[in-house]
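Here the structure comes first, spelled out in structure tokens, and everything after it is commentary.
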Amino acid sequence: MYHHKAPHRNWMPNLPHLDHFAGRKFDLPESFYDDYASRSAAARDQDMRIEDMYMSMDMKLFPEDYGTETGTGGQKSFNAERNWQANYNRMTEDQKAQWDAHYDPIRKAFREANLTGNELIEWKYQRYMEDYLGSVVSVDENIGRLLEYLDANDLTDNTLVIYTSDQGFYLGEHGWYDKRFMYEESFRTPLIMRFPNEIQQNGVNENLVMNLDLAPTILTAAGVDIPTAMQGMPLQEVYNLPLTDDWRKSLYYHYYEYPHGWHKVKRHNGVRGDRYKLIHFYNDIDAWEFYDLQNDPNELDNLIDHPEMQSHINAYKEELKSLQNFYGDTAAPTI
């Protein structure tokens, strides 16, 4: 298990990578200025918009650059300015000198620009992207070191490598950063697997898989029986197969942290099939959303009240009930 914390907030790239994306212009996602018009209050009431990122911790500025901290994106007890100052003070004097050589011109340009409105929001987006992707460079480097070790020690052919993540992440889609929602950008998770003796090279598999499948897959590769309590399925069954009728047709999701924790994402569960997705927000609200992912990949048009969708919606509600029962999820409300 080889876990990297580098891309976690507050996205501080390794010193050699500070300039890796400097000056690059990142295009705004199509949904960057999403107004959430067709959706429930859950999409509007969250606290994870890029425009609300902290000027201190997130943007790496100091009070003399911006005056009063106005960002939210956290908990009431969180002091962003104090947190950022503590992070900065952890550096050695040599590290601070390298850091300042990169960020001082950014701070100066920001003070002189006196940005407001959309110009300020888009400036935050560019800064966020440079720092986030600069942090990911360290992940790429160190995964490369691991793969090179396998090659150098004749372990490649006998090693199953699984590259994945704990979730997807918003890079400006819907105007957001972070994760938690069942919308595609955070729901979909990277999964790349390499096992030269079993998995075909450069193959792409479209079967619906879950993080629950990873443990059974690893046990099967090691020749160990899968405990009956495990709810996932070994991916060996679909390693090299096209989309198959013998595999699952839908995925279950449940987020239940609200109102505790960060970003005010309301509790919800849901089901995703190969084309449609049903989401139920509950707890302090009772709201449904339904999306046609083929015609609306950005999930901007909630079809829950569309007359022609009612048969699909009813079928997905039945599937949601079935999956909730299958996984023994008693925390979500019964439909």
Side-chain angles (χ1 to χ4, degrees), residues 4-29 32-34 45-139 169-179 261-265:
H4 288 277
K5 195 72 169 178
H8 198 278
R9 195 179 185 189
N10 64 338
W11 312 295
M12 295 175 66
N14 193 12
L15 295 173
H17 304 147
L18 287 175
D19 293 322
H20 195 91
F21 293 99
R24 174 170 173 176
K25 178 72 173 178
F26 292 94
D27 293 332
L28 296 178
F32 187 78
Y33 285 112
D34 190 350
D45 293 348
Q46 42 63 39
D47 187 15
M48 49 191 264
R49 290 186 59 80
I50 286 175
E51 66 181 277
D52 294 325
M53 280 180 157
Y54 293 115
M55 302 300 290
S56 53
M57 184 185 76
D58 294 321
M59 299 294 111
K60 322 302 191 297
L61 303 178
F62 290 97
E64 59 266 30
D65 301 319
Y66 56 83
T68 303
E69 178 68 87
T70 58
T72 55
Q75 297 170 306
K76 290 182 179 179
S77 61
F78 182 75
N79 187 316
E81 290 180 346
R82 184 173 60 196
N83 177 280
W84 168 233
Q85 189 67 58
N87 273 331
Y88 180 78
N89 290 340
R90 291 173 58 201
M91 300 184 202
T92 66
E93 292 305 311
D94 179 62
Q95 290 170 337
K96 285 181 182 178
Q98 296 179 68
W99 186 270
D100 293 343
H102 175 77
Y103 280 97
D104 281 355
I106 294 173
R107 296 172 56 201
K108 180 176 183 293
F110 176 79
R111 292 193 298 268
E112 294 174 349
N114 195 28
L115 302 172
T116 59
N118 287 352
E119 287 185 338
L120 176 58
I121 297 172
E122 293 180 21
W123 180 87
K124 283 187 172 185
Y125 171 72
Q126 296 296 325
R127 292 295 318 125
Y128 166 46
M129 292 295 288
E130 284 186 27
D131 285 351
Y132 180 87
L133 296 178
S135 300
V136 172
V137 172
S138 291
V139 178
F169 211 76
Y170 295 99
L171 298 178
E173 296 88 359
H174 308 290
W176 294 338
Y177 65 100
D178 205 69
K179 54 237 179 187
W262 291 58
H263 301 299
K264 300 180 182 178
V265 174

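Heavy atoms only: backbone and side chains are in, while hydrogens, waters and symmetry mates are out. No experiment lies behind these values; they were computed from the predicted model shown.
E69 contributes a side-chain N or O that, together with a main-chain N or O of S56, makes up a donor-acceptor pair within less than 3.5 Å. Remark: the backbone N or O of K264 is not paired with any side-chain donor or acceptor of D47 at under 3.5 angstrom. The closest donor-acceptor contact from the side chain of E173 to the backbone of L171 lies under 3.5 Å.
Listed by first and then second residue, the salt bridge (charged side-chain N to carboxylate O under 4.0 Å, His left out) pairs that reach into residues 51-64 are R9-D58, R49-E51, K60-D131, E64-R107, sequence neighbours excluded.
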- [ ] Evaluate the criterion side-chain contact (heavy atoms from CB on, under 4.5 Å) for residue pair Q46 and H263; output intermediate values, then yes/no.
- [x] CA-CA 6 Å; Q46 42 63 39; H263 301 299; 5.9 Å; no

Task: side-chain contact (heavy atoms from CB on, under 4.5 Å) assessment of Y103 paired with Y88 - done: CA-CA 12 Å; Y103 280 97; Y88 180 78; over 6 Å; no

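Summarising the geometry, atom CD belonging to E119 is positioned 14.0 Å from atom NZ belonging to K124; distances are rounded to the nearest 0.5 Å. Separating the CZ atom in F32 from the CD1 atom in I50 is a distance of 5.0 Å, to the nearest 0.5 Å. For the atom pair W84 CH2 and M55 CE, the distance stands at 13.0 Å (nearest 0.5 Å). Between D100 atom CG and E93 atom CD the span is 9.5 Å, to the nearest 0.5 Å. Here Q85 contributes atom CD and N83 contributes atom CG; the two are 10.5 Å apart, rounded to the nearest 0.5 Å.
For the salt bridge (Lys or Arg N to Asp or Glu O under 4.0 Å) test, residues two or more places apart in sequence or in another chain that qualify with E130 are R127.
The closest side-chain donor-acceptor pair between E122 and N118, if any, does not fall under 3.5 angstrom.
Ring geometry for W176 against H174 counts as tilted: the plane angle lies between 30° and 60°, on a 0 to 90° scale. Ring geometry for Y125 versus Y128: interplanar angle over 60°, hence perpendicular rather than tilted (30 to 60°). Below 30°, between 30° and 60°, or above 60°: for F110 and W123 the angle between ring planes is between 30° and 60°, a tilted geometry. Ring orientation note: the planes of F78 and Y54 are tilted relative to one another, at an angle of 30° to 60°.
Ring centroid separation for the pair H8 and F169 does not come in under the 6.0 Å cut-off.
No more than 12 heavy atoms of other residues, nucleotides or ligands shown are found within 6.0 angstrom of NZ on K108.
Smallest separation of non-hydrogen atoms from G172 and P29: C-CG, 3.6 Å.
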Table please: side-chain donor-acceptor pairs of residues 12-27 below 3.5 Å, with sequence neighbours left out.
unit_1: H17; atom_1: ND1; unit_2: S138; atom_2: OG; d: 3.4
unit_1: H17; atom_1: NE2; unit_2: E141; atom_2: OE2; d: 3.0
unit_1: D19; atom_1: OD1; unit_2: H102; atom_2: ND1; d: 2.6

